[in-house]
> 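Just dropping this structure here.
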Amino acid sequence: MYGASAGSTANSQAASRMFVYEVAGLRQNEQTDQQSYPVRQSGSVFITVPYRRMNEEMRRITRLGGKILSIKPLNTNGEVTGYVPAQTSPEPSKPMTQTEHKPVQIPVNIYKPKNPYIGKCIENTELVREGGVGTVRHLTFDISGGDLRYLEGQSIGIIPPGTDEKGKPHKLRLYSIASTRHGDHVDDKTVSLCVRQLEYQHPETGETVYGVCSTHLCNLEVGADVAITGPVGKEMLLPDDENATIIMLATGTGIAPFRAFLWRMFKENNPEYKFKGLAWLIFGIPYSANILYQQELEQLAAEFPENFRLTYAISREQQNAEGGKMYVQSRVSEYADEIFEMLRRPNTHLYMCGLKGMEPPISQTFTDEAGKRDMNWDEFRKQLKKEERWHVEVY
Ligand code: FAD
(Lines give C-alpha, C1' and ligand atoms only; values in the text may rest on other atoms or scores of the structure.)
Protein backbone atom coordinates (compact mmCIF):
# COMPACT_ATOMS: atom_id res chain seq x y z
CA MET A 1 0.00 0.00 0.00
CA TYR A 2 2.75 2.46 0.92
CA GLY A 3 5.42 0.45 -0.94
CA ALA A 4 7.25 3.12 -2.91
CA SER A 5 6.70 6.07 -0.62
CA ALA A 6 9.28 8.70 0.17
CA GLY A 7 9.22 7.46 3.77
CA SER A 8 10.90 4.24 2.76
CA THR A 9 13.60 6.20 0.93
CA ALA A 10 14.22 8.34 3.99
CA ASN A 11 14.43 5.25 6.14
CA SER A 12 16.93 3.52 3.94
CA GLN A 13 18.99 6.74 3.75
CA ALA A 14 19.04 6.91 7.54
CA ALA A 15 19.93 3.26 7.78
CA SER A 16 22.85 3.60 5.36
CA ARG A 17 24.54 6.45 7.26
CA MET A 18 28.02 5.80 8.60
CA PHE A 19 29.60 7.05 11.81
CA VAL A 20 33.16 7.20 13.07
CA TYR A 21 33.84 6.19 16.67
CA GLU A 22 37.03 7.41 18.27
CA VAL A 23 37.86 4.78 20.86
CA ALA A 24 40.55 4.64 23.54
CA GLY A 25 41.73 1.77 25.71
CA LEU A 26 40.76 -1.14 23.47
CA ARG A 27 42.36 -4.34 24.67
CA GLN A 28 44.49 -5.76 21.88
CA ASN A 29 43.29 -9.24 21.27
CA GLU A 30 42.34 -11.46 18.41
CA GLN A 31 39.23 -9.46 17.67
CA THR A 32 40.90 -6.07 17.49
CA ASP A 33 44.01 -7.37 15.73
CA GLN A 34 41.92 -8.82 12.97
CA GLN A 35 40.55 -5.42 12.12
CA SER A 36 43.17 -2.93 11.02
CA TYR A 37 41.96 0.20 12.74
CA PRO A 38 43.86 3.43 12.09
CA VAL A 39 45.63 4.09 15.41
CA ARG A 40 46.40 7.63 16.57
CA GLN A 41 49.57 8.57 18.40
CA SER A 42 47.45 9.00 21.49
CA GLY A 43 46.57 5.33 21.20
CA SER A 44 42.96 5.88 20.25
CA VAL A 45 41.54 4.17 17.18
CA PHE A 46 38.88 5.16 14.67
CA ILE A 47 36.16 2.70 13.82
CA THR A 48 33.65 3.29 11.06
CA VAL A 49 30.23 1.94 11.99
CA PRO A 50 27.01 1.81 9.97
CA TYR A 51 23.99 3.33 11.72
CA ARG A 52 22.28 -0.04 12.15
CA ARG A 53 25.27 -1.52 13.97
CA MET A 54 25.92 1.37 16.38
CA ASN A 55 24.46 -0.35 19.43
CA GLU A 56 26.10 -3.64 18.70
CA GLU A 57 29.49 -2.05 18.07
CA MET A 58 29.25 -0.02 21.23
CA ARG A 59 28.59 -3.14 23.28
CA ARG A 60 31.52 -4.86 21.62
CA ILE A 61 33.83 -1.92 22.37
CA THR A 62 32.73 -1.97 25.98
CA ARG A 63 33.37 -5.71 26.18
CA LEU A 64 36.89 -5.10 24.92
CA GLY A 65 37.49 -2.49 27.61
CA GLY A 66 37.29 0.47 25.21
CA LYS A 67 35.99 3.96 25.90
CA ILE A 68 34.25 5.92 23.15
CA LEU A 69 35.74 9.42 23.04
CA SER A 70 33.63 10.81 20.21
CA ILE A 71 31.14 9.84 17.53
CA LYS A 72 30.95 11.79 14.29
CA PRO A 73 28.89 11.17 11.18
CA LEU A 74 30.50 10.61 7.77
CA ASN A 75 29.05 12.41 4.78
CA THR A 76 28.58 10.73 1.41
CA ASN A 77 32.17 11.65 0.43
CA GLY A 78 33.43 9.75 3.43
CA GLU A 79 34.30 12.93 5.36
CA VAL A 80 33.58 13.43 9.02
CA THR A 81 30.96 16.17 9.25
CA GLY A 82 30.10 16.99 12.84
CA TYR A 83 28.74 15.73 16.10
CA VAL A 84 26.01 13.22 16.61
CA PRO A 85 23.06 14.66 18.49
CA ALA A 86 22.78 13.66 22.14
CA GLN A 87 20.16 10.98 21.49
CA THR A 88 22.46 8.93 19.35
CA SER A 89 25.61 9.60 21.32
CA PRO A 90 25.95 6.47 23.41
CA GLU A 91 27.80 5.96 26.66
CA PRO A 92 30.18 3.06 26.46
CA SER A 93 29.04 1.47 29.70
CA LYS A 94 25.53 0.60 28.58
CA PRO A 95 23.57 -0.13 25.42
CA MET A 96 22.68 2.94 23.40
CA THR A 97 19.23 4.18 24.13
CA GLN A 98 17.43 7.15 22.73
CA THR A 99 17.69 9.77 25.44
CA GLU A 100 19.85 8.48 28.24
CA HIS A 101 21.73 11.79 28.39
CA LYS A 102 21.00 14.98 30.20
CA PRO A 103 19.85 17.47 29.17
CA VAL A 104 17.43 15.32 27.18
CA GLN A 105 16.55 16.68 23.77
CA ILE A 106 12.88 16.58 22.96
CA PRO A 107 12.46 14.98 19.55
CA VAL A 108 9.77 16.64 17.43
CA ASN A 109 8.51 16.17 13.88
CA ILE A 110 11.23 13.79 12.80
CA TYR A 111 8.70 12.50 10.27
CA LYS A 112 6.37 14.99 8.59
CA PRO A 113 3.08 14.24 6.79
CA LYS A 114 4.72 14.60 3.35
CA ASN A 115 7.32 12.03 4.26
CA PRO A 116 5.90 9.73 6.96
CA TYR A 117 7.73 6.81 8.46
CA ILE A 118 6.28 3.53 7.28
CA GLY A 119 6.20 1.18 10.25
CA LYS A 120 4.86 -2.33 10.52
CA CYS A 121 2.16 -3.49 12.88
CA ILE A 122 3.55 -6.25 15.09
CA GLU A 123 0.78 -6.41 17.69
CA ASN A 124 -2.90 -5.54 17.75
CA THR A 125 -4.78 -6.87 20.76
CA GLU A 126 -8.16 -6.12 22.32
CA LEU A 127 -8.07 -4.48 25.73
CA VAL A 128 -11.79 -4.48 26.52
CA ARG A 129 -12.97 -7.70 28.10
CA GLU A 130 -16.35 -9.37 27.85
CA GLY A 131 -19.04 -7.23 29.43
CA GLY A 132 -17.28 -3.97 28.52
CA VAL A 133 -18.34 -1.45 25.91
CA GLY A 134 -16.61 -0.59 22.65
CA THR A 135 -13.32 -1.63 21.15
CA VAL A 136 -9.96 -0.46 22.43
CA ARG A 137 -6.82 -1.98 20.99
CA HIS A 138 -3.21 -2.05 22.08
CA LEU A 139 -1.09 -1.65 18.95
CA THR A 140 2.65 -1.97 18.58
CA PHE A 141 4.57 -0.87 15.51
CA ASP A 142 8.08 -1.83 14.49
CA ILE A 143 10.06 1.39 13.94
CA SER A 144 13.51 -0.18 13.81
CA GLY A 145 14.19 0.84 10.20
CA GLY A 146 14.24 4.59 10.74
CA ASP A 147 15.00 7.48 13.03
CA LEU A 148 11.76 7.77 14.97
CA ARG A 149 12.53 8.62 18.58
CA TYR A 150 10.14 9.83 21.23
CA LEU A 151 9.66 10.50 24.92
CA GLU A 152 6.96 9.38 27.31
CA GLY A 153 4.00 11.76 27.06
CA GLN A 154 4.45 12.56 23.36
CA SER A 155 2.08 11.64 20.54
CA ILE A 156 2.51 10.38 17.01
CA GLY A 157 0.36 11.08 13.98
CA ILE A 158 -1.18 8.30 11.94
CA ILE A 159 -2.22 8.90 8.34
CA PRO A 160 -5.03 6.57 7.35
CA PRO A 161 -4.87 5.28 3.78
CA GLY A 162 -7.34 6.48 1.15
CA THR A 163 -9.07 9.78 0.56
CA ASP A 164 -11.75 11.86 2.25
CA GLU A 165 -15.11 12.87 0.77
CA LYS A 166 -13.38 15.66 -1.19
CA GLY A 167 -11.02 13.14 -2.78
CA LYS A 168 -8.04 14.48 -0.80
CA PRO A 169 -5.69 12.16 1.12
CA HIS A 170 -6.83 11.73 4.70
CA LYS A 171 -5.25 14.03 7.27
CA LEU A 172 -3.25 12.61 10.13
CA ARG A 173 -4.84 11.88 13.52
CA LEU A 174 -2.85 12.18 16.73
CA TYR A 175 -2.49 9.34 19.23
CA SER A 176 -0.74 9.48 22.61
CA ILE A 177 2.15 7.08 22.80
CA ALA A 178 1.49 4.27 25.28
CA SER A 179 5.02 2.91 25.49
CA THR A 180 8.19 4.26 27.06
CA ARG A 181 10.96 5.67 24.87
CA HIS A 182 12.46 2.18 24.86
CA GLY A 183 9.30 0.54 23.55
CA ASP A 184 7.38 -2.47 24.87
CA HIS A 185 10.29 -4.79 24.15
CA VAL A 186 12.81 -2.38 25.76
CA ASP A 187 14.94 -2.49 22.62
CA ASP A 188 14.25 1.01 21.20
CA LYS A 189 12.61 -0.58 18.18
CA THR A 190 8.89 -0.14 18.73
CA VAL A 191 6.16 2.34 19.58
CA SER A 192 2.77 1.42 21.04
CA LEU A 193 -0.66 3.07 21.03
CA CYS A 194 -3.94 2.55 22.82
CA VAL A 195 -6.75 3.25 20.35
CA ARG A 196 -10.50 3.33 20.82
CA GLN A 197 -12.59 2.76 17.72
CA LEU A 198 -14.80 5.81 17.30
CA GLU A 199 -18.39 4.67 16.84
CA TYR A 200 -21.46 6.86 17.04
CA GLN A 201 -24.99 7.19 15.70
CA HIS A 202 -25.33 9.83 13.02
CA PRO A 203 -27.47 12.58 14.63
CA GLU A 204 -29.74 12.88 11.56
CA THR A 205 -29.81 9.47 9.88
CA GLY A 206 -29.33 7.37 13.02
CA GLU A 207 -26.85 5.31 11.05
CA THR A 208 -23.82 3.89 12.88
CA VAL A 209 -20.70 5.79 11.85
CA TYR A 210 -17.17 4.46 12.46
CA GLY A 211 -14.21 6.82 12.68
CA VAL A 212 -11.81 6.64 9.74
CA CYS A 213 -8.42 6.41 11.41
CA SER A 214 -9.42 4.63 14.60
CA THR A 215 -11.17 1.94 12.53
CA HIS A 216 -8.14 1.65 10.26
CA LEU A 217 -5.93 1.11 13.32
CA CYS A 218 -8.27 -1.19 15.23
CA ASN A 219 -8.57 -3.44 12.16
CA LEU A 220 -4.90 -3.30 11.24
CA GLU A 221 -3.46 -6.74 10.58
CA VAL A 222 -0.16 -7.83 12.06
CA GLY A 223 2.41 -7.34 9.28
CA ALA A 224 0.54 -4.41 7.70
CA ASP A 225 2.16 -1.04 6.97
CA VAL A 226 1.26 2.06 8.96
CA ALA A 227 2.16 5.66 8.07
CA ILE A 228 3.53 7.49 11.12
CA THR A 229 4.41 11.17 11.64
CA GLY A 230 5.91 13.02 14.58
CA PRO A 231 6.56 12.70 17.37
CA VAL A 232 4.83 15.83 18.70
CA GLY A 233 3.98 17.30 22.05
CA LYS A 234 5.82 18.88 24.95
CA GLU A 235 2.83 19.29 27.27
CA MET A 236 2.78 15.86 28.89
CA LEU A 237 6.44 15.13 29.50
CA LEU A 238 7.50 13.44 32.70
CA PRO A 239 9.84 15.49 34.92
CA ASP A 240 13.35 14.19 35.58
CA ASP A 241 12.81 14.51 39.35
CA GLU A 242 12.80 10.96 40.71
CA ASN A 243 11.19 12.12 43.95
CA ALA A 244 8.27 13.96 42.37
CA THR A 245 4.62 13.34 43.14
CA ILE A 246 2.88 12.54 39.87
CA ILE A 247 -0.92 12.72 39.91
CA MET A 248 -2.46 11.22 36.77
CA LEU A 249 -6.12 11.66 35.89
CA ALA A 250 -7.20 9.50 32.97
CA THR A 251 -10.40 8.62 31.19
CA GLY A 252 -10.40 5.68 28.76
CA THR A 253 -7.55 5.85 26.26
CA GLY A 254 -6.23 8.79 28.29
CA ILE A 255 -4.36 6.01 30.12
CA ALA A 256 -1.87 5.84 27.20
CA PRO A 257 0.74 8.38 28.39
CA PHE A 258 0.37 7.16 31.97
CA ARG A 259 1.07 3.59 30.95
CA ALA A 260 4.31 4.96 29.49
CA PHE A 261 5.07 6.87 32.72
CA LEU A 262 4.35 3.89 34.96
CA TRP A 263 6.33 1.48 32.83
CA ARG A 264 9.28 3.89 32.95
CA MET A 265 8.93 4.34 36.71
CA PHE A 266 8.42 0.75 37.74
CA LYS A 267 8.96 -1.77 34.96
CA GLU A 268 12.18 -0.62 33.34
CA ASN A 269 15.49 -0.57 35.05
CA ASN A 270 16.82 2.74 33.75
CA PRO A 271 20.14 3.74 35.25
CA GLU A 272 19.36 7.45 34.91
CA TYR A 273 15.84 7.38 36.32
CA LYS A 274 14.97 5.47 39.48
CA PHE A 275 11.57 6.68 40.58
CA LYS A 276 11.30 7.09 44.34
CA GLY A 277 8.35 9.49 44.56
CA LEU A 278 4.62 8.90 44.54
CA ALA A 279 2.58 8.14 41.43
CA TRP A 280 -1.20 8.28 41.84
CA LEU A 281 -3.42 7.20 38.99
CA ILE A 282 -7.13 7.98 39.07
CA PHE A 283 -8.58 6.06 36.14
CA GLY A 284 -12.12 6.54 34.83
CA ILE A 285 -13.88 3.86 32.76
CA PRO A 286 -17.53 2.84 32.33
CA TYR A 287 -17.33 -0.81 33.43
CA SER A 288 -14.72 -2.93 35.18
CA ALA A 289 -14.35 -4.90 31.94
CA ASN A 290 -13.17 -1.62 30.39
CA ILE A 291 -10.20 -1.22 32.76
CA LEU A 292 -7.41 -1.07 30.20
CA TYR A 293 -4.16 -2.79 31.19
CA GLN A 294 -5.86 -3.86 34.43
CA GLN A 295 -3.65 -6.80 35.28
CA GLU A 296 -0.40 -4.90 34.88
CA LEU A 297 -1.68 -1.85 36.76
CA GLU A 298 -2.85 -3.94 39.70
CA GLN A 299 0.39 -5.88 39.72
CA LEU A 300 2.34 -2.62 39.95
CA ALA A 301 0.07 -1.37 42.73
CA ALA A 302 0.67 -4.61 44.67
CA GLU A 303 4.42 -4.57 44.04
CA PHE A 304 5.02 -0.89 44.81
CA PRO A 305 2.47 0.03 47.48
CA GLU A 306 4.66 2.86 48.80
CA ASN A 307 5.10 4.48 45.40
CA PHE A 308 2.02 3.71 43.35
CA ARG A 309 -1.57 4.39 44.27
CA LEU A 310 -4.32 3.20 41.95
CA THR A 311 -7.90 4.51 42.19
CA TYR A 312 -10.65 3.59 39.76
CA ALA A 313 -13.76 5.59 38.94
CA ILE A 314 -16.11 3.07 37.32
CA SER A 315 -19.02 5.22 36.23
CA ARG A 316 -21.64 2.52 35.55
CA GLU A 317 -20.80 0.38 38.56
CA GLN A 318 -19.81 2.75 41.35
CA GLN A 319 -21.67 5.67 42.90
CA ASN A 320 -20.27 8.95 44.09
CA ALA A 321 -21.10 10.54 47.46
CA GLU A 322 -24.28 12.07 46.01
CA GLY A 323 -25.49 8.75 44.61
CA GLY A 324 -24.59 9.76 41.04
CA LYS A 325 -22.19 8.10 38.61
CA MET A 326 -18.59 7.81 39.70
CA TYR A 327 -16.44 9.78 37.28
CA VAL A 328 -12.79 10.83 37.57
CA GLN A 329 -13.99 14.26 38.68
CA SER A 330 -16.02 12.58 41.46
CA ARG A 331 -12.84 10.95 42.76
CA VAL A 332 -11.00 14.26 42.51
CA SER A 333 -13.70 15.86 44.60
CA GLU A 334 -13.58 12.94 47.08
CA TYR A 335 -9.82 13.48 47.57
CA ALA A 336 -9.91 17.23 46.89
CA ASP A 337 -8.25 18.33 50.12
CA GLU A 338 -5.44 15.80 49.82
CA ILE A 339 -4.79 16.51 46.14
CA PHE A 340 -4.85 20.27 46.66
CA GLU A 341 -2.34 20.03 49.52
CA MET A 342 -0.14 17.88 47.30
CA LEU A 343 -0.30 20.54 44.58
CA ARG A 344 0.94 23.14 47.05
CA ARG A 345 4.18 21.18 47.36
CA PRO A 346 6.72 22.28 44.75
CA ASN A 347 7.49 18.82 43.34
CA THR A 348 3.91 17.76 42.59
CA HIS A 349 2.76 17.52 38.97
CA LEU A 350 -0.82 16.98 37.88
CA TYR A 351 -1.59 15.40 34.49
CA MET A 352 -5.00 15.07 32.86
CA CYS A 353 -5.57 13.01 29.74
CA GLY A 354 -8.66 11.74 27.94
CA LEU A 355 -12.15 13.13 27.52
CA LYS A 356 -12.55 16.90 27.18
CA GLY A 357 -15.41 16.88 29.67
CA MET A 358 -13.21 16.09 32.66
CA GLU A 359 -11.45 19.44 32.91
CA PRO A 360 -14.27 21.88 33.85
CA PRO A 361 -15.62 19.94 36.88
CA ILE A 362 -12.08 19.30 38.13
CA SER A 363 -11.30 23.01 37.83
CA GLN A 364 -14.49 23.74 39.79
CA THR A 365 -13.37 21.41 42.59
CA PHE A 366 -10.00 23.15 42.80
CA THR A 367 -11.68 26.56 42.69
CA ASP A 368 -13.65 25.51 45.80
CA GLU A 369 -10.56 24.12 47.51
CA ALA A 370 -8.60 27.30 46.76
CA GLY A 371 -11.49 29.36 48.15
CA LYS A 372 -11.36 27.43 51.45
CA ARG A 373 -7.74 28.49 51.75
CA ASP A 374 -8.28 32.13 50.68
CA MET A 375 -6.45 31.40 47.47
CA ASN A 376 -7.37 32.18 43.89
CA TRP A 377 -7.46 29.05 41.74
CA ASP A 378 -6.91 30.87 38.42
CA GLU A 379 -3.78 32.48 39.82
CA PHE A 380 -2.58 29.25 41.36
CA ARG A 381 -3.20 27.29 38.17
CA LYS A 382 -1.25 29.90 36.19
CA GLN A 383 1.60 29.48 38.62
CA LEU A 384 1.44 25.67 38.30
CA LYS A 385 1.44 26.01 34.53
CA LYS A 386 4.42 28.37 34.62
CA GLU A 387 6.28 25.91 36.80
CA GLU A 388 5.40 23.15 34.31
CA ARG A 389 3.44 21.23 36.93
CA TRP A 390 -0.02 21.40 35.35
CA HIS A 391 -0.38 19.26 32.24
CA VAL A 392 -3.61 18.82 30.28
CA GLU A 393 -4.20 16.86 27.08
CA VAL A 394 -7.87 16.26 26.41
CA TYR A 395 -9.53 15.41 23.11
P1 FAD B 1 -13.09 10.62 12.24
O2 FAD B 1 -13.44 9.80 11.07
O3 FAD B 1 -12.10 11.72 12.06
O4 FAD B 1 -14.40 11.15 12.88
C5 FAD B 1 -14.34 12.14 13.87
C6 FAD B 1 -15.47 13.09 13.63
O7 FAD B 1 -16.69 12.39 13.81
C8 FAD B 1 -15.51 14.23 14.63
O9 FAD B 1 -14.68 15.27 14.22
C10 FAD B 1 -16.97 14.59 14.60
O11 FAD B 1 -17.22 15.43 13.49
C12 FAD B 1 -17.65 13.28 14.34
N13 FAD B 1 -18.18 12.70 15.58
C14 FAD B 1 -17.49 12.05 16.53
N15 FAD B 1 -18.30 11.63 17.52
C16 FAD B 1 -19.54 12.05 17.17
C17 FAD B 1 -20.82 11.95 17.78
N18 FAD B 1 -20.97 11.32 18.95
N19 FAD B 1 -21.87 12.50 17.14
C20 FAD B 1 -21.73 13.11 15.96
N21 FAD B 1 -20.54 13.26 15.33
C22 FAD B 1 -19.47 12.73 15.93
N23 FAD B 1 -7.62 8.59 20.42
C24 FAD B 1 -7.37 7.34 20.92
O25 FAD B 1 -8.17 6.41 20.66
N26 FAD B 1 -6.27 7.09 21.67
C27 FAD B 1 -5.36 8.04 21.99
O28 FAD B 1 -4.38 7.78 22.68
C29 FAD B 1 -5.58 9.35 21.47
N30 FAD B 1 -4.72 10.34 21.73
C31 FAD B 1 -4.95 11.59 21.24
C32 FAD B 1 -4.02 12.59 21.53
C33 FAD B 1 -4.25 13.88 21.07
C34 FAD B 1 -3.23 14.96 21.41
C35 FAD B 1 -5.40 14.16 20.30
C36 FAD B 1 -5.65 15.55 19.80
C37 FAD B 1 -6.30 13.17 20.00
C38 FAD B 1 -6.10 11.86 20.46
N39 FAD B 1 -6.98 10.83 20.15
C40 FAD B 1 -6.75 9.58 20.67
C41 FAD B 1 -8.13 11.04 19.26
C42 FAD B 1 -7.73 10.71 17.80
O43 FAD B 1 -6.80 11.67 17.34
C44 FAD B 1 -8.89 10.72 16.81
O45 FAD B 1 -9.54 11.96 16.93
C46 FAD B 1 -9.91 9.62 17.02
O47 FAD B 1 -9.29 8.34 16.88
C48 FAD B 1 -11.03 9.73 15.97
O49 FAD B 1 -10.46 9.71 14.71
P50 FAD B 1 -11.19 8.96 13.50
O51 FAD B 1 -10.40 9.19 12.28
O52 FAD B 1 -11.45 7.54 13.89
O53 FAD B 1 -12.56 9.67 13.44
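Keep in mind the model is a prediction, meaning the values are calculated, not measured.
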> Please determine if K189 and D142 form a salt bridge, counting it only when a charged side-chain N lies under 4.0 Å from a carboxylate O.
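No.
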
> Only counting residues at least two apart or in another chain, list the ones meeting ring-ring contact (aromatic ring centres under 6.0 Å, His included) with Y175.
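ring-ring contact (aromatic ring centres under 6.0 Å, His included) list for Y175, sorted by chain: empty.
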
> Check E393 with K234, please: is the shortest side-chain N to carboxylate O separation under 4.0 Å?
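Result for this pair is no, no salt bridge flagged.
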
> Check E268 with R181, please: is the shortest side-chain N to carboxylate O separation under 4.0 Å?
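Salt bridge: no.
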
> With no hydrogens and no angle check, just 3.5 Å: does a side-chain donor-acceptor pair link H138 and N124?
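No, no side-chain donor-acceptor pair sits under 3.5 Å.
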
> Honestly curious: do V128 and F258 fall in one hydrophobic cluster under the side-chain, below-4.5 Å linking rule?
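Yes; tracing contacts between hydrophobic side chains, which count when under 4.5 Å, links both residues.
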
> Between K385 and E235 (salt bridge meaning N to carboxylate O under 4.0 Å), is one present in this structure?
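Yes, charged N to carboxylate O under 4.0 Å.
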
> Going by the rule ring-ring contact (aromatic ring centres under 6.0 Å, His included), which residues pair with Y210 if we only count those two or more places apart in sequence or in a different chain?
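Partners of Y210 by the ring-ring contact (aromatic ring centres under 6.0 Å, His included) criterion come out as none, since no residue qualifies.
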
> Short question: side chain of Y351, backbone of P257 - any donor-acceptor pair under 3.5 Å?
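No; judged by distance alone, with no hydrogens or angles, the pair does not exist.
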
> Hey, are E338 and R344 close enough for a salt bridge, meaning a charged N less than 4.0 Å from a carboxylate O?
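Answer for the salt bridge query: no.
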
> Hey, is K267 close enough to D184 for a salt bridge, meaning N to O under 4.0 Å?
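A salt bridge is absent here (no side-chain N lies under 4.0 Å from a carboxylate O).
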
> Parallel, tilted or perpendicular: which describes the rings of F266 and F308, with under 30° parallel and over 60° perpendicular?
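Tilted: the ring planes of F266 and F308 meet at 30° to 60°.
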
> Measure from the side-chain N and O atoms of Q154 to the backbone N and O of G233, and report whether any donor-acceptor pair falls under 3.5 Å.
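At least one qualifying donor-acceptor pair exists.
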
> Honestly curious: do M248 and F304 fall in one hydrophobic cluster under the side-chain, below-4.5 Å linking rule?
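Yes.
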
> Is any side-chain heavy atom of I143 closer than 4.5 Å to one of Y111?
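Result no, sub-4.5 Å side-chain heavy-atom pair not found.
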
> Using the side-chain contact (heavy atoms from CB on, under 4.5 Å) rule, take V195 and C218 through it: C-alpha gap first, then chi angles, then the decisive distance, then the call.
CA-CA 7 Å; V195 179; C218 289; 4.1 Å; yes

> For Q318, does the CD atom have more than 12 heavy-atom neighbours from other residues, nucleotides or ligands under 6.0 Å away?
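Counting neighbours around CD of Q318, more than 12 heavy atoms of other residues, nucleotides or ligands fall under 6.0 Å, so yes.
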
> Are Y150 and I110 connected, step by step, through hydrophobic side chains (Ile, Leu, Val, Met, Phe, Trp, Tyr) whose heavy atoms are closer than 4.5 Å?
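In one cluster with Y150: I110, yes.
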
> Measure from NZ or CZ of R264 to the centre of the six-membered ring of Y273 and say whether it is under 6.0 Å with the direction within 45° of the ring axis.
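Because its charged atom sits under 6.0 Å from the ring centre and within 45° of the axis, R264 does stack over Y273.
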
> Is any NZ, NE, NH1 or NH2 atom of the basic residue among E369 and R373 found under 4.0 Å from an Asp or Glu carboxylate oxygen of the other?
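Counted as a salt bridge, because a side-chain N and a carboxylate O are separated by less than 4.0 Å.
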
> Just by distance, do the side chain of Q329 and the backbone of P361 share a donor-acceptor pair under 3.5 Å?
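Here the side-chain-to-backbone pair does not exist.
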
> Which residues, ordered by chain and number, are linked to L350 in its hydrophobic cluster, where ILVMFWY side chains connect at heavy-atom gaps below 4.5 Å, directly or through other members?
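For the cluster that includes L350, the remaining residues are I247, L249, L278, W280, I282, V328, V332, Y335, I339, F340, M342, L343, M352, M358, I362, F366, M375, W377, F380, L384, W390, V392, V394.
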
> How about CD on E306, more than 12 heavy atoms from neighbouring residues, nucleotides or ligands closer than 6.0 Å, or not?
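No, CD of E306 has 12 or fewer neighbouring heavy atoms, counting only those of other groups under 6.0 Å.
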
> Could you tell me if E379 and Q383 have a donor-acceptor pair between their side chains, going purely by distance under 3.5 Å?
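E379 and Q383 do not have a side-chain donor-acceptor pair below 3.5 Å.
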
> With the threshold set at 4.0 Å, does a side-chain nitrogen-carboxylate oxygen contact exist between K274 and E242?
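Not counted as a salt bridge, because no side-chain N and carboxylate O are separated by less than 4.0 Å.
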
> For K171, does the NZ atom have more than 12 heavy-atom neighbours from other residues, nucleotides or ligands under 6.0 Å away?
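It does not: K171 NZ has 12 such atoms or fewer within range.
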
> Going by atom types only, do E298 and Q294 share a side-chain donor-acceptor pair under 3.5 Å?
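Checked: E298/Q294 side chains pair up, N/O donor to acceptor below 3.5 Å.
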
